[in-house]
S.K.: 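Take this structure first; my questions come after.
No hydrogens, no waters, no symmetry mates; every other heavy atom, side chains included, goes into these values. Index from 1, following the sequence. As the structure is a computational prediction, the values presented were derived from the model and not from experiment.
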Amino acid sequence: MKTLTTDVDRAAESIMARCDELAAISADPAGIHRFYLSPQHRHADRLAADWMEAAGLTTWLDPAGTRCGRIEGARPGLPAVLLGSHLDTVPDAGRFDGILGVLAAIAVAEVFSDRAAELPFALEVLAFHEEEGVRFGTTLMGSRAVAGTWDDAWFDRVDGDGIEVRTALRQFGLDPAGVSGAARRPEDVLAYLEAHIEQGAELETAGESLGVVTSIAGARRLQLEIIGEARHAGGTPYEHRRDALAGASEVCLAVERLGRERGVIATVGNMAISPGVANVIAGNATLTVDLRARSDPERDAAVAAVLEDARRITARRGLELAVHETHTARSVDCDPALQDAIAAGISASRPDGHRPPRLWSRAGHDAMAMADLCPVGMLFVRCRGGISHHPDESVTVDDVAAMVRAMVAVVDELAGRHEQGEVSR
């Protein structure tokens with residue numbers, strides 16, 4: 001192998017430059033916005049393909065729009081260890097969420113390109129799209145296609161311009177009838193590894209550059225509609241008011257209180273008021289509730305508590321409550337053996353052999369979908385202030401180098417464990 005320290009330091013600088021290059025590909029010149037099956041997706045995909053080929057990978061676009069690259073191991077056709085993340089973004093995004101994981105995976109594959117024949121498995125890099133679910137309102141579409149859990153009902157989903165998924169696929173040059181061909185066979189995949197910025201500040205607070213992810217939060221999203229009565233603000237005394245906004249505000253504070261008390265993540269992210277006039281009491285208020293927890297039982301108990309409080313508040317105020325669940329995602333435990341391999345890889349990549357912290361992810365990732373296909377593992381890299389989904393996302397080149405060095409060590413660790421029969425399908 002080439003001199004690892006020199007290679008990784010150079011790779012980290014290249015990764016930062018490539019993040020900048022991808023940041024310039026946006027549907028909005030005032031920020032970063034790349035969505036699924038768009039011209040910006042196509043442009044980013046061409047760059048990813050070029051970088052994969054330059055790293056020595058054979059590359060192709062799968063039927064759902066995921067860019068794939070592969071380096072064969074000791075012989076062609078061996079099961080693969082998959083490395084990846086996503087290239088799509090939320091509106092007004094930062095330049096590292098998802099993107100950093102794809103570029104680090106390419107860098108790791110390049111490190112192994114001159115000794116891939118020594119590996120007991122193939123290495124693949126996957127650059128997913130529609131992880132964020134911005135265009136069609138469904139998350140993890142690329143990774144679910146690879147995992148074999150694509151739902152054909154998604155073909156009917158439409159974007160803000162009324163374009164169906166099936167139409168967008170055709171416009172991109174893909175055949176909707178072939179999407180099922182993106183699914184991998186479990187026997188062809190050993191594991192999926194994803195590197196990602198930490199979307200929190202635990203690592204920064206602890207003075208750590210890298211951490212091992214233990215699990216990914218389960219989430220449920222609710223839309224609560226609170227129905228009151230719109231009446232004149234000046235002429236209606238308090239005892240005759242059925243103020244939907246006042247009730248919704250009380251529910252919002254209850255959601256925050258319950259999240260704190262139960263140690264879960266509970267957020268009201270949007271509230272819409274009708275009729276929304278200064279001198280009219282609100283007759284209707286609709287709010288969203290996003291609940292996440294380390295485990296599904298914790299999450300479900302928090303949802304039940306929120307709904308109990310919402311019903312109590314609205315009944316006391318003479319309001320009606322309608323509940324619509326809009327999203328459910330089960331929690332995912334990272335594979336214990338992969339957690340240990342990642343921890344060993346991070347320790348081996350440091351001169352002091354320091355044992356990294358372990359932490360759970362409050363946000364969702366492509367690894368959640370890939371867990372239906374194979375064992376998954378994740379590592380986090382420190383992100384300044386824990387800021388993500390925002391232009392202020394920030395990582396250091398030294399931390400990126402540490403991440404790549406650790407991932408190389410993890411692949412070496414997995415190769416050793418595979419040869420000892422500890423990693424197999």
Side-chain angles (χ1 to χ4, degrees), residues 14-51 61 64-67 84-104 106 126-145 154 157-174 194 196-200 221 267-272 288 290 326-327 363-366 381 383-395 400:
S14 176
I15 287 170
M16 298 294 272
R18 288 173 175 179
C19 285
D20 291 341
E21 192 170 353
L22 285 167
I25 303 171
S26 175
D28 180 358
I32 304 172
H33 184 181
R34 284 190 307 278
F35 48 85
Y36 184 43
L37 303 175
S38 67
Q40 293 73 36
H41 175 170
R42 189 182 303 281
H43 188 174
D45 176 70
R46 284 200 301 266
L47 282 180
D50 289 345
W51 293 333
L61 190 67
T66 295
R67 175 57 57 178
S85 196
H86 63 95
L87 293 180
D88 64 304
T89 75
V90 297
D92 200 27
R95 61 192 61 207
F96 300 113
D97 180 335
I99 290 85
L100 192 64
V102 173
L103 298 180
I106 295 172
L126 303 179
F128 297 117
H129 285 266
E130 198 64 337
E131 189 265 3
E132 301 288 6
V134 171
R135 183 174 183 184
F136 295 107
T138 297
T139 61
L140 308 172
M141 290 179 77
S143 47
R144 288 182 181 181
W154 297 343
R157 297 193 68 88
V158 297
D159 66 8
D161 296 320
I163 298 173
E164 294 181 338
V165 170
R166 62 168 54 83
T167 302
L169 284 163
R170 292 191 186 103
Q171 290 173 343
F172 200 79
L174 300 169
E194 182 170 357
H196 204 281
I197 59 171
E198 184 202 355
Q199 293 166 294
R221 293 177 191 163
T267 306
V268 174
N270 180 274
M271 187 184 294
T288 62
D290 182 293
T326 60
H327 172 76
H365 304 283
D366 286 301
V381 62
C383 185
R384 187 182 67 193
I387 296 171
S388 70
H389 285 188
H390 188 276
D392 287 346
E393 282 178 4
S394 180
V395 298
V400 171

S.K.: Restricting to non-hydrogen atoms, name the atom on S26 and the atom on A23 that form the minimum distance, rounded to 0.1 Å.
M.R.: CB-O, 4.3 Å
S.K.: Side chains of R157 and T138: donor-acceptor distance under 3.5 Å anywhere?
M.R.: yes
S.K.: Show, in sequence, the C-alpha distance, side-chain angles and deciding distance for D45 and L87, and conclude whether the side-chain contact (heavy atoms from CB on, under 4.5 Å) test is met.
M.R.: CA-CA 8 Å; D45 176 70; L87 293 180; over 6 Å; no
S.K.: Mind running side-chain contact (heavy atoms from CB on, under 4.5 Å) on S394 and I387 for me, showing each step along the way?
M.R.: CA-CA 8 Å; S394 180; I387 296 171; over 6 Å; no
S.K.: Can you tell me if R384 has over 12 outside heavy atoms packed within less than 6.0 Å of its CZ?
M.R.: no
S.K.: Is the side chain of S85 donor-acceptor paired with the backbone N or O of E194 at a distance under 3.5 Å, no angle test?
M.R.: no
S.K.: Taking the side chain from E21 and the backbone from A17, do they hold a donor-acceptor pair closer than 3.5 Å?
M.R.: no
S.K.: What residues form a salt bridge (Lys or Arg N to Asp or Glu O under 4.0 Å) with E164, not counting sequence neighbours?
M.R.: R166
S.K.: Quick one: list whatever passes side-chain hydrogen bond (donor to acceptor under 3.5 Å, both in side chains) with H86, sequence neighbours left out.
M.R.: D88, D97, E131
S.K.: Do the non-hydrogen side-chain atoms of R34 and I25 ever get within less than 4.5 Å of each other?
M.R.: yes
S.K.: Of all residues at least two apart in sequence or in a different chain, which pass the side-chain hydrogen bond (donor to acceptor under 3.5 Å, both in side chains) check with T66?
M.R.: none
S.K.: Distance check, rounded to the nearest 0.5 Å: L126 atom CG versus D366 atom CG?
M.R.: 9.0 Å
S.K.: Could I get the full list of salt bridge (Lys or Arg N to Asp or Glu O under 4.0 Å) partners for R144, not counting sequence neighbours?
M.R.: none
S.K.: Within the distance-only criterion (no hydrogens, no angle test), does the side chain of D161 pair as donor or acceptor with the backbone N or O of I163 below 3.5 angstrom?
M.R.: no
S.K.: Is R18 reaching over with its side chain to a backbone N or O of W51, donor-acceptor style, under 3.5 angstrom?
M.R.: no
S.K.: For L103 and L22, what are the C-alpha separation, side-chain angles and deciding distance, and is it a side-chain contact (heavy atoms from CB on, under 4.5 Å)?
M.R.: CA-CA 11 Å; L103 298 180; L22 285 167; 4.3 Å; yes
S.K.: Could you measure the distance from the CZ atom of R42 to the CG atom of L37? Nearest 0.5 Å is fine.
M.R.: 9.0 Å
S.K.: Measure the CG-CD distance between L140 and E132 for me, rounded to the nearest 0.5 Å.
M.R.: 9.0 Å
S.K.: Just jot down the salt bridge (Lys or Arg N to Asp or Glu O under 4.0 Å) partners of R221, sequence neighbours excluded, or say none.
M.R.: D290
S.K.: Distance from I99 atom CD1 to E393 atom CD, nearest 0.5 Å?
M.R.: 7.5 Å
S.K.: Indicate yes or no: at least one non-hydrogen side-chain atom of L169 is less than 4.5 angstrom from one of Y36.
M.R.: yes
S.K.: If only side-chain N and O atoms count, and only distance matters, is there a donor-acceptor pair under 3.5 Å linking E130 with H41?
M.R.: no
S.K.: So do the side chains of I32 and P391 get within less than 4.5 Å of each other, counting heavy atoms only?
M.R.: no
S.K.: Do T89 and Q40 have side-chain heavy atoms sitting under 4.5 Å apart?
M.R.: no
S.K.: Is there a side-chain contact between D28 and P91, using heavy atoms and a 4.5 Å cut-off?
M.R.: no
S.K.: List the steps and the verdict of side-chain contact (heavy atoms from CB on, under 4.5 Å) for H129 and R135.
M.R.: CA-CA 11 Å; H129 285 266; R135 183 174 183 184; over 6 Å; no
S.K.: Heavy-atom distance under 4.5 Å between the side chains of V134 and H33, does that happen here?
M.R.: yes
S.K.: For D20, what residues pass the salt bridge (Lys or Arg N to Asp or Glu O under 4.0 Å) criterion, not counting sequence neighbours?
M.R.: R95
